[in-house]
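In each ligand, atom 1 is the first atom listed, and ligand 1 is the first ligand listed. As a basis for the values below, the full set of heavy atoms in this structure was taken, side chains included, without hydrogen atoms, waters or symmetry mates.
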Amino acid sequence: MDSILVKGGAELHGEIPIAGAKNACLTLMPATLLADEPLTLTNVPRLSDIATMTQLLQSLGVEVTSLQDGRVVAMSSQSADNPVADYNIVRKMRASNLVLGPLLARHGHAVVSMPGGCAIGARPMDLHIHGLEAMGAKIELKDGYLHAEVPGGLKGAQIELRFASVGATENILMAATLAKGTTVIKNAAREPEIIDLATCLRAMGAQIEGEASGTITIQGVDQLHGATHPVIADRIELGTYMLAPVIAGGEVELIGGRIELVNAFCEKLDQAGVSITETKKGIKVARKNGRIKAVDIKTEVFPGFPTDLQAQMMALLCTADGTSVLEETIFENRFMHAPELMRMGAQISVQGGTATVTGVERLKGAPVMATDLRASVSLILAGLAAEGETVVSRVYHLDRGYEHVVRKFNGIGANIERIKN
Ligand code: EPZ
């Protein structure tokens, strides 16, 4: 298993291009199942999760062609006749469950493996099931698979989500595009990835309103057609690289970044004493002066502070002036990076969903272990400013969500390399 060696201390200067969003792509790709005509996505990130989704769709009979060095993905579901999403693929990536709604809309039945355990939380699918059942589906769990069927086809319904789940909103939204009648999803998620999905579905002929408001209305149509859609920028990759010059010093421009994708995050950085300016090409970030100030963070659904930037923010706050309190409200077990940061000399105490971080002058390099995607990059960020060398193991997590991470960091002057084991 590869690891990444980070030699801390270098100031960072230059530009980083921000790729297309993993979490938008993972819901846009299953939308191809809603039409027989081709759906083409551009600005696609080159990640192992995209390769897994490609494998899953191909197993369902979708023709998937990767073009322009993986930047463009052309998909055709004309002969997609298999309604079974196999455990051997689904267990590699939870987001595979986003084929459930589209398969049900396409075939009137679907058999989708339950994703299984996840390091950051239980992550049940009750809200997905609740919504699809409201549209007339019968769903039963058998041998680890969800068996879903809807004799007579999906029907429009009024659905109120107990929690504004991203995945449940996406599955229900996709299914509702081909349902008979009108579906209203109340307390729907309104992350930028949901907006991107609704935009793409409208380009395919769907009738959707309100996706930015939290109440989405979908007027079902008989069929959708093909389209070409550019994937939005990855706001989590953006936030991650914005922290690099703040942690290590210097100034970096994030090409293709937009502040409105990461507003709540920028507000906290501003409080901490970070300079953020919008440029023609994107966003420029630098520390204003000296040590950053401690700030309190509470993760929330969009437009609140994103849980997918919590670990990276903790890495920054480890060397802040003062004590910061981080509250994680989305996932019940998302502080596993804390003990690894403590191996580097950080002062952190965790109680349930709250972590208290008392800033120290400087971290020290150490061998540390990645436990999940965002935790892995938070350890690299911590290593950028640490004294000496940090070796991050189990970096396969990283490949799932960050393309060319070593090249991008080296491009701004960081001293990091991948060690093949
Ligand atoms: C999406 O996961 C993202 N993944 C996650 O990013 C992100 O952390 C999360 O949204 C929150 O923003 C993708 O888009 C592929 P949820 P998702 O359904 O859809 C509970 C990353 O690092 N819940 O909004 O699975 C659930 O347990 C990943 O890129 C139910 O209880 O998130 C969790 O506590 C990690 N029942 C909370 O809601 C349900 O049926 C949020 O889950 C569904 C969810």
Below 4.0 Å, non-hydrogen atoms only: which portion of E328 touches ligand 1? Side chain, backbone, both or neither. neither
Shortest non-hydrogen separation from L384 to V6 and the atoms involved: N-CG1, 3.7 Å
How does F302 reach ligand 1, if at all, at less than 4.0 Å between non-hydrogen atoms: by side chain, backbone, both, or neither? neither
Distance to 0.1 Å, residue and atom name: give those for the protein heavy atom nearest to atom 39 (C) of ligand 1. P124 O, 3.1 Å
Among N23, V166, T27, which one satisfies side-chain contact (heavy atoms from CB on, under 4.5 Å) with I194? V166
Proximity of L127 to ligand 1 by residue part, where a heavy atom lies under 4.0 Å: both
Near K298 NZ, under 6.0 Å, is it more than 12 heavy atoms from other residues, nucleotides or ligands? no
Quick check against the 3.5 Å criterion: does N171 have a side-chain atom that pairs as donor or acceptor with the backbone of N97? yes
Within the 4.0 Å heavy-atom shell around N23, which atoms of ligand 1 are there? 3 (C), 4 (N), 6 (O), 13 (C), 14 (O), 15 (C), 21 (C), 29 (O)
With no hydrogens and no angle check, is any side-chain donor or acceptor of D2 less than 3.5 Å from a backbone partner on Y396? no
Taking all non-hydrogen atoms of both residues into account, name the closest pair between G257 and I18 and its distance. N-CG1, 4.4 Å
With heavy atoms only and a cut-off of under 4.0 Å, state how M53 meets ligand 1: side chain, backbone, both or neither. neither
Heavy-atom distances under 4.0 Å are what count here, so tell me which part of R374 touches ligand 1: side chain, backbone, both or neither. side chain
Counting each atom of ligand 1 from 1 as listed, which ones have a heavy atom of R123 under 4.0 Å away? 2 (O), 17 (P), 25 (O), 27 (O)
Sub-4.0 Å protein heavy atom near atom 20 (C) of ligand 1: no
Does a donor on one side chain and an acceptor on the other come within less than 3.5 Å for T329 and E300? no
Hey, is OH on Y87 packed in by over 12 heavy atoms from elsewhere, all under 6.0 Å? no
I330, portion touching ligand 1 at heavy-atom distance under 4.0 Å: both
What are the two closest heavy atoms between C266 and I259, and how far apart are they? SG-CG2, 4.2 Å
Proximal ligand 1 atoms for F331, defined as those under 4.0 Å from one of its heavy atoms: 8 (O), 9 (C), 33 (C), 34 (O)
Nearest heavy atom to atom 7 (C) of ligand 1, choosing from N171, D126, D308, belongs to D308
Mind checking whether K22 has a heavy atom under 4.0 Å from ligand 1? yes
Heavy-atom distance under 4.5 Å between the side chains of M313 and F265, does that happen here? yes
Contact atoms of ligand 1, heavy-atom distance to A95 under 4.0 Å: 15 (C)
Tell me which part of H128 gets within contact of ligand 1: side chain, backbone, both or neither, using heavy atoms under 4.0 Å. both
